[in-house]
Amino acid sequence: MFCFTDAIIIYTFCFNPVYIVYRDKVAACAKHFVGDGGTVNGINENNTVASGHDVYSIHMPAYYNSIIKGVSTVMASYSSLNGVKMHANRAMLTDFLKDTLHFRGFVISDWEGIDRITSPAHANYTYSIEASINAGVDMVMVPYNYPEFLNDLTDLVNKKAIPMSRIDDAVRRILRVKFSMGLFENPLSDHSFADKLGCKEHRELAREAVRKSLVLLKNGKSPNQPLVPLPKKAPKILVAGTHADNLGYQCGGWTIEWQGLSGNNMTDGTTILKAIKATVDPSTNVIFEENPTPDFVKSQGFSYAVVIVGEVPYAETNGDSLNLTIPEPGPTTITNVCGAIKCVVVVVSGRPVVIEPYVQSIDALVVAWLPGSEGQGVADVLFGDYRFTGRLARTWFKSVDQLPMSLGDAHYDPLFPFGFGLETKPNSH
Ligand SMILES: *[C@@H]1O[C@H](CO)[C@@H](O)[C@H](O)[C@H]1NC(C)=O
Ligand SMILES: *[C@@H]1O[C@H](CO)[C@@H](O)[C@H](O)[C@H]1NC(C)=O
Ligand SMILES: *[C@@H]1O[C@H](CO)[C@@H](O)[C@H](O)[C@H]1NC(C)=O
């Protein structure tokens with residue numbers, strides 16, 4: 001059977017997989033199925049308590065979209081749904097994902113995910129294998145002791161605790177993805193695109209994404225005195241903050257290393273400080289002081305300051321926080337600088353953080369999220385070469401005791417509501 005759609009779509013709509021080798025396609029994975037963003041207190045790997053309506057209308061739509069587009073694999077979440085570990089959740093993995101949604105790729109487990117079906121992890125590995133495979137996991141991520149997994153799985157199949165039909169289904173799904181990827185024709189990775197990594201064209205696209213994702217939350221202490229776009233030409237300006245000159249902080253967790261890094265030697269890119277220096281008028285004197293004292297700020301005759309602070313990189317459990325504060329010296333830098341001169345604060349963080357106590361003292365407030373390597377996108381918009389157009393994709397809380405708080409809740413009293421974002425006109429300089 002021949003299908004002249006793209007390779008990723010093929011196995012979704014064609015009964016017989018065909019191999020059409022598209023060297024510029026990859027097998028994508030949608031994860032973590034399902035509800036991992038809704039756990040109690042936002043704690044990693046925790047339990048999500050949700051009605052059927054919430055599961056299908058809040059947590060599932062991204063999977064509907066990925067499956068329609070032919071995603072090859074779906075990863076089970078470490079988290080539980082209404083008390084059932086997702087790695088052992090047959091109702092969701094098999095009955096809903098495979099049978100109802102007709103997902104035809106394979107379900108893959110997370111790193112030692114089946115071990116964590118029991119508490120403590122690996123307490124009953126035979127049970128973990130039986131429960132996960134019978135729930136619908138097709139490929140198992142076993143980072144270390146794979147002979148133990150193979151032996152126990154074989155025993156379970158020989159004892160008929162796991163039906164051979166389940167193994168056949170898993171193998172069929174894995175082979176279908178491999179055939180449609182062309183792995184039987186070209187099993188080794190193709191290096192012909194290696195020179196595209198980090199190329200100018202891709203960096204330009206990333207920079208555009210930075211420009212479009214910035215959200216302007218406040219602009220001027222009164223609406224008729226906006227601070228941004230900032231003037232490029234000024235005698236002397238101050239750049240401050242832990243996140244002004246730190247590519248690792250801009251990139252966040254899961255960059256180069258699991259928990260991310262600090263500093264500028266981990267990858268090529270442009271820090272926000274470097275971008276500001278490249279954007280202002282050559283006559284503008286840019287002074288960088290990471291955490292200046294109020295006396296320093298007052299005494300230097302700065303026209304204005306850009307303060308760039310935020311969270312430090314994290315991934316998974318290391319990102320759990322019940323206070324969602326910006327770590328020191330971030331708040332001190334805001335207070336010291338914004339208490340002394342006109343300032344724009346740029347927050348670099350993966351999520352809304354506590355900002356309410358400082359908003360009054362801040363003249364203009366921008367959230368840059370995690371802009372990644374292309375910090376030039378921040379300066380493009382701050383200095384008016386492009387407009388601010390981004391809007392909040394999350395509600396921004398006043399204090400953490402309001403959480404969870406979502407648009408539509410009876411008591412919705414955010415600092416900035418879902419969808420908020422001020423716009424600017426391009427600068428006329
Ligand atoms: C492991 O789980 C199985 C199935 O629930 C149970 O029959 C068995 O007793 C458990 N083994 C241990 C050592 O707890
Ligand atoms: C980057 O800097 C850190 C800290 O100074 C150092 O430990 C690390 O080896 C450096 N990495 C590279 C690739 O130079
Ligand atoms: C906020 O929570 C984080 C993570 O638990 C912790 O490391 C930090 O010390 C807390 N900060 C404050 C101000 O309590």
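Both counts, for ligands and for their atoms, begin at 1 and track the order of listing.
Proximity of a side-chain donor or acceptor of T255 to a complementary backbone N or O of G252 within less than 3.5 Å is detected. Put simply, the side chain of E130 never gets that close to the backbone of Y127: no donor and acceptor are under 3.5 Å apart.
Y146 pairs by the ring-ring contact (aromatic ring centres under 6.0 Å, His included) definition with nothing, not counting sequence neighbours. Residues passing the side-chain contact (heavy atoms from CB on, under 4.5 Å) test with N323, sequence neighbours excluded: S321, T325.
Around ligand 3 you find D320, S321, N323, T325, each with a heavy-atom distance below 4.0 Å.
Checked against a 6.0 Å centroid threshold, the rings of Y63 and F103 do not count as neighbours.
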Please set out all donor-acceptor pairs under 3.5 angstrom arising from side-chain atoms of residues 287-298, sequence neighbours excluded.
| residue | atom | partner | partner atom | Å |
| --- | --- | --- | --- | --- |
| N291 | OD1 | T333 | OG1 | 2.8 |
| T293 | OG1 | F296 | N | 3.1 |

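Considering backbone and side-chain atoms alike, Y127 places every N or O at 3.5 Å or more from each N or O of ligand 1.
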